[in-house]
Amino acid sequence: MAAPSGSPQPLDPAGQQANRWQQTSLLSLVPDAAEPRPAEPIRTEPAAASPTAVQTPPAKATSSELTCPQRLLILDTETTGLDPERDHCIEVGAVLFHVSSRAVLSQLSLLLPCQSNAAEAINGIDAAVSRLEQPWQAGLIYFQELVASTDVIVAHNAAFDRAWFGRGLLPAIDKPWLCSMDDLRWPSERRLKATPSVRDLALAYGIPVWAAHRALTDCIYLAQVFERCEDLNSLLLAGLEPRRLYRAELPYDQRHRAREAGFRWNDPVAKAWSRRLSEREARELDFSVRPVEPDAAGRHAA
């Protein structure tokens, strides 16, 4: 993006910008967590390609072969538009969440300087405010420490948020990603639609919705939902099963079945109902589906 007038100098971890950072990493207060620990391995096996429609008896879930992550970095972004090629990320929010203790370990929110914000009516962020003096560079250093200490990145509509990292001011992230909208299958008793919004999740778990469209707010809602999940480990393990893109094989007059199962029309497959599923989920559907990609679409792909 074009540098705004009076924009801050490049990031210098040893410079004065870092010295002005006012937040203290809560991880440094915990003896065992002072240094970022290596992420616990998450072992996955790619789903086998199938040349024919999938309609077979249920198979044993592959989640038993995975290691449940213990540290989640719940992440959200606010942007000036929808296109990472032309628009910019103007805000990052993150919450480091510990699974076994159902506890928030640390959190971060920072604005990134932008010349203009065409999405101000949606996210309420004035571009001029984003350019006010504040230690955003030190904030990015701390953000990278949070990323290094986590096992999995969690985002709601992760495909959108992930696209902004490794561009402009944001560092690349080399960690597994988990989408709380598409990958997690929320308990049926919560009566949620197949692809719920963050607001839907919060209300379903009895969490008051007091604000919207700021990055940290949505992260806090998700953290509170995870705090109240009775079987969070199983939810995460099922969500981490390898997934690939499938299209529904249904006649036009039964398209509602695909919609109710969380398939989307014309996105990302043109003129088709499609959704990313694990091999187990594809087998458990009550209608036939056909794989779109020639091989598994791994969460680690660039």
Side-chain angles (χ1 to χ4, degrees), residues 21 23-30 32-42 44 66-79 89-112 136-184 198 201-202 214-229 232-233 235-240 298-302:
W21 178 235
Q23 284 186 282
T24 299
S25 171
L26 297 186
L27 295 178
S28 65
L29 303 180
V30 183
D32 293 336
E35 293 296 330
R37 65 178 185 85
E40 296 178 10
I42 297 176
T44 61
L66 303 174
T67 300
C68 187
Q70 284 303 299
R71 297 189 184 206
L72 311 175
L73 188 63
I74 304 169
L75 180 152
D76 191 32
T77 61
E78 294 298 337
T79 64
C89 179
I90 197 171
E91 184 178 40
V92 175
V95 171
L96 186 63
F97 183 86
H98 191 254
V99 173
S100 293
S101 59
R102 300 292 200 279
V104 170
L105 301 181
S106 192
Q107 60 187 38
L108 168 73
S109 176
L110 65 125
L111 292 176
L112 299 173
W136 62 267
Q137 291 132 315
L140 283 181
I141 293 175
Y142 182 51
F143 174 74
Q144 289 176 285
E145 292 179 357
L146 293 177
V147 171
S149 70
T150 193
D151 300 321
V152 173
I153 306 293
V154 178
H156 206 74
N157 193 8
F160 177 81
D161 293 297
R162 185 177 186 179
W164 302 90
F165 289 88
R167 299 174 182 268
L169 299 172
L170 293 180
I173 295 179
D174 184 21
K175 288 293 179 83
W177 285 71
L178 182 66
C179 182
S180 54
M181 182 176 71
D182 285 328
D183 294 339
L184 299 185
V198 174
L201 286 172
R214 289 298 296 263
L216 184 58
T217 306
D218 281 357
C219 295
I220 292 172
Y221 289 149
L222 279 178
Q224 292 179 336
V225 167
F226 288 158
E227 287 174 358
R228 301 184 184 199
C229 282
L232 181 57
N233 282 29
L235 188 75
L236 294 173
L237 287 172
L240 287 167
R299 193 171 287 100
H300 297 274

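The shortest distance between side-chain heavy atoms of Leu170 and Leu140 falls below 4.5 Å. In this structure, Leu146 and Ser106 have side chains that are in contact, with non-hydrogen atoms separated by less than 4.5 Å. You'll find the side chain of Leu201 reaches within 4.5 Å of the side chain of His156, heavy atoms only.
Side chain of Arg71 to backbone of Leu105: no donor-acceptor contact under 3.5 angstrom is found. Side chain of Thr150 to backbone of Leu73: a donor-acceptor contact under 3.5 angstrom is found. For the pair Lys175 (side chain) and Ala148 (backbone), a donor-acceptor distance under 3.5 Å is present.
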Inset, instruction - Apply the test side chain to side chain contact (heavy atoms under 4.5 Å, CB included) to residues Phe226 and Leu184: give CA-CA distance (whole Å), side-chain angles for both, the deciding distance (0.1 Å), then the verdict. - result: CA-CA 12 Å; Phe226 288 158; Leu184 299 185; 4.1 Å; yes
Inset, instruction - Begin from the C-alpha positions of Leu72 and Leu236 and carry the test side chain to side chain contact (heavy atoms under 4.5 Å, CB included) through to its verdict. - result: CA-CA 10 Å; Leu72 311 175; Leu236 294 173; 4.1 Å; yes
Legend entry - Residues Trp164, Thr79; criterion side chain to side chain contact (heavy atoms under 4.5 Å, CB included); working and verdict: CA-CA 9 Å; Trp164 302 90; Thr79 64; 3.4 Å; yes
Legend entry - side chain to side chain contact (heavy atoms under 4.5 Å, CB included) assessment of Ile173 paired with Leu75: CA-CA 12 Å; Ile173 295 179; Leu75 180 152; 4.1 Å; yes
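Among residues two or more places apart in sequence or in another chain, the side-chain contact (heavy atoms from CB on, under 4.5 Å) test is passed with Asp76 by Glu78, Asp161, Ala215, Asp218, Cys219. For Arg167, the side-chain hydrogen bond (donor to acceptor under 3.5 Å, both in side chains) criterion is met by Glu85, not counting sequence neighbours.
Ser100 and Gln70 share a donor-acceptor pair across their side chains, judged by distance under 3.5 Å alone.
The nearest pair of heavy atoms linking Gly139 to Leu108 is O-CD2, 3.7 Å. Shown here for Leu178 and Ala158, the closest heavy-atom pair between the two residues is O-CB, 4.3 Å.
How far CG of Leu112 is from CD of Gln137: 10.0 Å, rounded to the nearest 0.5 Å. Expressed to the nearest 0.5 Å, how far CD of Glu227 lies from CZ of Arg102 amounts to 9.5 Å. In this structure, CG on Leu169 lies 8.5 Å from SG on Cys89, to the nearest 0.5 angstrom. A distance of 12.5 Å separates CZ in Phe97 from CD in Gln107, rounded to the nearest 0.5 Å. If you take CG on Asp183 and CG on Leu240, they are separated by 8.0 Å, rounding to the nearest 0.5 Å. With rounding to the nearest 0.5 angstrom, the SG atom of Cys68 is 9.0 Å from the CG atom of Asp151.
Taking the six-membered ring wherever Trp is involved, the centroid distance between the rings of Phe165 and Phe143 falls below 6.0 Å.
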